[in-house]
Amino acid sequence: MAFFARYDCFGWSKSRDIPCRFVVHDRITRQVVSGFIGQTQMTPDMLAAGRIALFAATVLSAPLYAGASLMGLSHAIGFRTKPRHIIKGLAYAMAVTLAMGFISALQSFGNQILPLLGIFLGIAFSMTILLICEKRLRPVEAMIVSFRAITKKMIPLTLVYIVIAVLFLFSYATAGIALVWALPFMFNVKGVLYREMFGVGIEVTVSQEGDDDSSSGDGNKEVFNA
């Protein structure tokens, strides 16, 4: 890698400078990580790179986040889930990705003005993904509904999210081991909050007597189909 990087600085053509770009990008990533963990001093460029990386990770993980949210909602209304249900969010990939992009951009803008404003926006739009998946709302409509509903109960909901934030801080203190418990707890709590605030529509299919019960595949009658 060092060989490629050294010769690229002396004028390699664009078609041959890919190894050097990889080295540069890898070096930038290492610098950002070192700054976040306190080994080196943070610079404005590092903060900007960190914000871009966080934005990209949030948007790209939106479908999986939606699937985990639907699993939490299923638990909140008493249905069983399976690990493979986390991919249910892929059915809403475009809508939830757009919503995550809007929310992340608004939070980033709010943090530039006042950090508390970014936190407020994060809480206010926290039910957007479930509204898209369960109520079939468009991204902007879901954001508006979530904002209006949560701002009416901002104080108690803020206390709930403070408890969740403390659990995540504890998880980081245990090198991420406690996330195995903290993440399901967060999604289950969000499912309960959503159930109490918006209600959940359940589709029930009744089979006639004498029908073949095995025709449903795995025979899961207690799985919530969002």
Side-chain angles (χ1 to χ4, degrees), residues 28-29 31-38 40-69 72-73 89 92-133 137-173 176 178-179 182-194 197-198:
I28 292 173
T29 303
Q31 290 176 350
V32 172
V33 172
S34 298
F36 274 112
I37 64 178
T40 59
Q41 185 178 0
M42 291 295 295
T43 64
D45 291 338
M46 288 185 182
L47 290 174
R51 283 194 294 268
I52 293 172
L54 180 61
F55 176 83
T58 301
V59 172
L60 293 176
S61 63
L64 294 179
Y65 182 87
S69 298
L73 182 59
Y92 314 95
M94 182 64 70
V96 297
T97 300
L98 286 174
M100 279 289 200
F102 291 151
I103 294 170
S104 297
L106 288 173
Q107 278 189 276
S108 179
F109 179 74
N111 285 326
Q112 295 290 331
I113 300 174
L114 186 67
L116 287 178
L117 179 58
I119 296 174
F120 168 79
L121 292 174
I123 296 174
F125 295 127
S126 60
M127 295 297 170
T128 300
I129 301 302
L130 281 174
L131 285 168
I132 291 173
C133 299
L137 298 181
R138 296 175 181 175
V140 176
E141 292 175 341
M143 290 173 64
I144 293 173
V145 172
S146 176
F147 185 88
R148 288 177 176 174
I150 289 183
T151 50
K152 293 179 180 178
K153 301 181 179 180
M154 179 57 71
I155 294 177
L157 289 176
T158 300
L159 296 176
V160 172
Y161 281 103
I162 287 175
V163 173
I164 293 175
V166 170
L167 290 176
F168 273 86
L169 290 176
F170 174 74
S171 299
Y172 293 136
L179 286 174
L183 280 172
F185 176 79
M186 181 191 73
F187 287 113
N188 286 335
V189 168
K190 287 188 66 176
V192 172
L193 293 174
Y194 181 89
M197 294 177 66
F198 303 101

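For reference, positions follow the sequence shown, starting with 1. Every heavy atom of this structure was used, including side-chain atoms; hydrogens, water molecules and symmetry mates were not. All figures in this text were calculated on a predicted structure; none of them were measured in a lab.
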| task | Supply the atom-to-atom distance Ser104 OG to Leu121 CG, rounded to the nearest 0.5 angstrom. | result | 11.5 Å
| Where do Ala95 and Pro139 come nearest, in terms of heavy atoms and distance? | O-CG, 3.6 Å
| request: Give a yes-or-no answer on whether the side chains of Tyr194 and Ser69 include a donor-acceptor pair shorter than 3.5 Å. | output: no
| What pair of heavy atoms forms the shortest contact from Met197 to Ile150, and how long is it? | CE-CG1, 3.9 Å
| Distance (rounded to the nearest 0.5 Å) between Leu159 CG and Ile164 CD1 | 11.5 Å
| message | Measuring from atom CG of Leu167 to atom CD1 of Ile162, what distance do you get when rounded to the nearest 0.5 angstrom? | response | 12.0 Å
| query | Looking only at heavy atoms, which two atoms of Val140 and Phe102 are closest? And how far apart? | reply | CG2-CE1, 4.3 Å
| remark: Taking every heavy atom of Pro115 against every heavy atom of Asn111, the minimum-distance pair comes out as O-OD1, 3.4 Å
| said: Around atom CE of Met94, are there more than 12 heavy atoms from other residues, nucleotides or ligands closer than 6.0 Å? | reply: no
| task | Could you label the plane-to-plane angle of the Phe125 and Phe147 rings as parallel, tilted or perpendicular, counting under 30° as parallel and over 60° as perpendicular? | result | tilted
| task | Of all the heavy-atom pairs spanning Met127 and Lys190, show the shortest one and how long it is. | result | CE-O, 3.8 Å
| Spacing of Ile144 atom CD1 and Thr128 atom OG1 [to the nearest 0.5 Å] | 10.0 Å
| message | Contact between Phe198 and Leu130 at the side-chain level, heavy atoms closer than 4.5 Å - yes or no? | response | no
| message | With rounding to the nearest 0.5 angstrom, report the OH to CE distance, Tyr161 to Met186. | response | 8.5 Å
| message | Just so I know, are the side chains of Leu73 and Phe187 near enough to count as touching, which here means a heavy-atom distance under 4.5 Å? | response | no
| Thr151 side, atom OG1; Ile123 side, atom CD1 - distance, nearest 0.5 Å | 11.5 Å
| request: Mind listing the closest non-hydrogen atom pair of Ala99 and Ile129 along with its distance? | output: CB-CD1, 4.3 Å
